[in-house]
Chemist: 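This structure is in structure tokens; I'll ask about it shortly.
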Amino acid sequence: MKYIILFFTVFFSSSLTAQDCTDESLLQKPGVWEETSGSISGITSADLAREKKIEASFHSMIKSKYTPMGLKIKFGGAYGSSYPFMPVNSYYYHIRAFQFYCEENTIKTVAESGTILQINVNNFIVDIYDTAQGGRSSAEGFNVIYELPVEKDGYWYFRKRDENMGFGIFGKSSAWLVTYDGKLPFAFVTKKEFLQKRKISLTDEMHHSAEVDKEVLKNLETEKGLEEVEYKNDPEKLAKYIRGYNYTKENYEKLLAGNEKNYQPEFDKIETLLKMPVEELNQQAIVKLDPDGRGENSYLFTDDKDPFCEILIKPNPGYFNKKLPRSTPQFIFVYVTWDPKPILSKFREDIIKAVDFAKLKSMLGK
């Protein structure tokens with residue numbers, strides 16, 4: 001299961017006439033609030049009513065302290081279904097900022113925007129309820145974040161990051177995680193856990209590679225029988241085919257014979273690392289791709305200062321109070337991404353001032 005935290009939506013444009021419209025005057029132009037309908041999927045009516053009430057409290061919090069200028073603000077909520085292995089429902093409140101702009105003394109509104117604030121309940125930027133899936137599962141073996149959260153003033157924050165916002169725009173993002181005191185809703189992976197998982201994944205990869213080669217050789221023999229029948233009266237064409245058959249067969253037999261040897265250096269590296277002292281094996285696993293390693297999935301241990309680091313995480317079911325209703329906020333993830341243009345940069349500055357983190361924290365477990 002995957003959670004999509006960010007998305008881009010196309011909305012209609014609007015325009016108003018104005019005299020002496022300039023970028024500077026737009027900063028003084030009162031903005032507009034517009035509610036949008038939220039998606040609803042697979043939740044009980046009782047949970048939905050409670051989640052809408054919580055979402056409304058977020059909107060009230062924001063609107064009491066934030067007045068949009070030079071912007072149309074579209075806001076709403078989304079209420080998604082959960083999976084049986086999740087102890088909670090996840091839902092969120094969002095507002096998206098659409099900038100006014102001048103066109104021949106007419107104030108218009110952009111039709112697209114990636115500048116958005118989301119207040120997510122029980123929902124993080126990556127999946128924390130399930131193990132890694134697909135390519136991530138066979139590569140790192142665990143879900144990944146790219147920086148460590150820092151605890152400060154009773155909540156966790158993530159530093160600003162550069163973001164590709166689409167439409168050829170490069171912006172910024174900031175994030176905060178409001179949790180039960182001193183706890184995180186996910187757990188970090190140890191070096192030992194990573195190495196053991198890599199060993200299993202590498203073994204599966206090696207066996208799959210061998211099976212692929214065997215399948216090619218099997219199909220080659222089937223094809224050979226058919227071609228021998230087709231060319232039985234044409235010795236020249238049959239001889240030409242057999243030369244190609246022998247060349248292909250020899251190459252794949254070599255690949256199959258050398259398959260385990262090809263993987264052995266990576267297995268040796270893993271076995272060597274598994275002999276590290278227990279204290280080191282129990283340390284947090286932060287990895288990056290090894291540029292000199294075998295294939296695409298060879299890794300080195302690094303630290304969170306490395307710009308290419310991947311911080312491995314896993315589910316932490318012990319964090320959640322399973323006796324509470326599924327709609328209860330047990331952590332809140334605040335995420336804002338914005339275009340660096342002046343009006344939208346001011347949106348980011350003003351909107352974060354409107355987020356009452358103490359109020360959000362008081363909502364946990366209630």
Side-chain angles (χ1 to χ4, degrees), residues 3-16 18 21-39 55 58-78 91-103 106-121 123-126 146-147 157-178 332-357 360:
Y3 293 92
I4 300 176
I5 300 297
L6 290 179
F7 57 91
F8 295 94
T9 312
V10 176
F11 293 97
F12 63 83
S13 295
S14 62
S15 63
L16 298 169
C21 181
T22 65
D23 290 345
E24 291 74 19
S25 68
L26 292 178
L27 285 168
Q28 308 303 317
K29 178 70 177 176
V32 179
W33 291 93
E34 181 179 307
E35 185 171 8
T36 61
S37 58
S39 61
E55 182 265 340
F58 293 156
H59 182 62
S60 177
M61 173 186 70
I62 294 295
K63 200 169 182 181
S64 68
K65 295 183 179 180
Y66 171 67
T67 300
M69 301 297 290
L71 299 167
K72 172 180 281 189
I73 298 296
K74 297 200 174 189
F75 68 94
Y91 49 101
Y92 66 88
Y93 165 80
H94 63 89
I95 64 177
R96 190 180 296 272
F98 293 82
Q99 181 176 336
F100 295 166
Y101 69 96
C102 299
E103 186 175 287
T106 298
I107 297 176
K108 293 189 174 182
T109 306
V110 298
E112 302 151 347
S113 177
T115 296
I116 184 171
L117 168 79
Q118 283 192 341
I119 302 179
N120 301 272
V121 178
N123 191 21
F124 190 49
I125 199 166
V126 298
Y146 297 97
E147 61 179 290
Y157 76 93
F158 299 82
R159 68 178 184 271
K160 290 181 183 178
R161 292 180 60 88
D162 295 327
E163 295 287 346
N164 184 344
M165 302 174 67
F167 315 115
I169 298 171
F170 292 88
K172 299 281 186 181
S173 68
S174 297
W176 297 260
L177 186 57
V178 183
I332 297 173
F333 180 61
V334 179
Y335 190 92
V336 59
T337 182
W338 70 98
D339 188 311
K341 294 184 179 72
I343 291 178
L344 297 172
S345 291
K346 189 174 189 306
F347 163 81
R348 186 271 179 195
E349 179 183 342
D350 293 344
I351 205 69
I352 292 303
K353 290 178 182 177
V355 177
D356 186 340
F357 286 96
L360 296 183

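All of these numbers come straight from a predicted model, not from anything done at the bench.
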Chemist: Are any of the side-chain heavy atoms of I125 and F333 separated by less than 4.5 Å?
Modeler: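 Side chain of I125 against side chain of F333, heavy atoms only: contact under 4.5 Å found.
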
Chemist: Taking side-chain contact (heavy atoms from CB on, under 4.5 Å) as the definition, give me every residue that meets it alongside R159, ordered by chain and number, with sequence neighbours left out.
Modeler: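 Only E147 meet the side-chain contact (heavy atoms from CB on, under 4.5 Å) criterion with R159.
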
Chemist: Could you tell me the separation between the CG atom of L71 and the CH2 atom of W33, rounded to the nearest 0.5 Å?
Modeler: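 Spacing of CG (L71) from CH2 (W33) equals 10.0 Å.
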
Chemist: Nearest 0.5 Å, what's the CD-CZ distance between E112 and F98?
Modeler: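 With rounding to 0.5 Å, CD (E112) is 9.0 Å from CZ (F98).
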
Chemist: Going by the rule side-chain contact (heavy atoms from CB on, under 4.5 Å), which residues pair with E349 if we only count those two or more places apart in sequence or in a different chain?
Modeler: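 With neighbours one apart ignored, the set is K353.
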
Chemist: May I ask you to decide if D339's main-chain N or O and T115's side chain share a donor-acceptor pair within less than 3.5 Å?
Modeler: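 Indeed, once roles are kept as given, a pair shorter than 3.5 Å links the two residues.
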
Chemist: Can you measure from CD1 (I332) to CZ (F124) and round to the nearest 0.5 angstrom?
Modeler: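 The CZ atom of F124 is 14.0 Å from CD1 of I332, to the nearest 0.5 Å.
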
Chemist: Apply side chain to side chain contact (heavy atoms under 4.5 Å, CB included) to the pair K172 and D162, showing each step before the final yes or no.
Modeler: CA-CA 5 Å; K172 299 281 186 181; D162 295 327; 2.5 Å; yes

Chemist: Counting distance only, does the side-chain N/O of S345 pair as donor-acceptor with the main-chain N or O of P340 below 3.5 Å?
Modeler: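 Side chain of S345 to backbone of P340: a pair is present.
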
Chemist: Less than 3.5 Å apart, which donor and acceptor atoms pair up between the side chains of residues 59-69 and the rest of the protein, not counting sequence neighbours?
Modeler:
from, atom 1, to, atom 2, distance (Å)
H59, ND1, Y93, OH, 2.9
S64, OG, S60, O, 3.3
S64, OG, M61, O, 2.9

Chemist: Nearest 0.5 Å, please: how far is CD1 in I73 from CD in E34?
Modeler: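 CD1 of I73 is found 11.0 Å from CD of E34.
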
Chemist: Quiz question: by atom type and distance under 3.5 Å, do the side chains of E163 and T337 form a donor-acceptor pair?
Modeler: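 On atom types as modelled, these side chains do not qualify, holding no pair under 3.5 Å.
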
Chemist: Using the side chain to side chain contact (heavy atoms under 4.5 Å, CB included) rule, take Y146 and R161 through it: C-alpha gap first, then chi angles, then the decisive distance, then the call.
Modeler: CA-CA 10 Å; Y146 297 97; R161 292 180 60 88; 3.7 Å; yes

Chemist: Which atom names give the shortest non-hydrogen contact between T106 and C21, and what distance separates them?
Modeler: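 Answer, listing the atom of T106 first, then C21: O-SG, 4.3 Å.
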
Chemist: Which is it for I343 and F100 under the side chain to side chain contact (heavy atoms under 4.5 Å, CB included) test, yes or no, and what are the steps along the way?
Modeler: CA-CA 9 Å; I343 291 178; F100 295 166; 5.7 Å; no

Chemist: Provide the closest heavy-atom pair for E55 versus G77 in the form atom of the first, atom of the second, distance.
Modeler: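 Heavy atoms of E55 and G77 come nearest at OE2-N, 3.8 Å.
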
Chemist: Under the side-chain contact (heavy atoms from CB on, under 4.5 Å) test, which residues partner E35, sequence neighbours left out?
Modeler: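 By the side-chain contact (heavy atoms from CB on, under 4.5 Å) rule, E35 matches F75.
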
Chemist: Applying salt bridge (Lys or Arg N to Asp or Glu O under 4.0 Å), name anything that partners D350, two or more places apart in sequence or on another chain.
Modeler: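 Partners of D350 by the salt bridge (Lys or Arg N to Asp or Glu O under 4.0 Å) criterion, ordered by chain and then number, come out as K346.
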
Chemist: With sequence neighbours excluded, what pairs up with F357 under the side-chain contact (heavy atoms from CB on, under 4.5 Å) test?
Modeler: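 For F357, the residues satisfying side-chain contact (heavy atoms from CB on, under 4.5 Å) (neighbours in sequence not counted) are Y155, W176, V178, V334, V355, L360.
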
Chemist: Check T109 against Y101 and note the closest heavy-atom contact, atom names and distance.
Modeler: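 So the minimum-distance heavy-atom pair works out to C-CE2, 3.7 Å.
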
Chemist: Taking the side chain as every heavy atom from C-beta outward, state whether R348 and S174 have any atom pair closer than 4.5 Å.
Modeler: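 Yes, side chains in contact.
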
Chemist: Check whether any side-chain heavy atom of F58 lies under 4.5 Å from a side-chain heavy atom of V121, and answer yes or no.
Modeler: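 The answer is yes, as the side chains (C-beta and beyond) meet within the 4.5 Å cut-off.
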
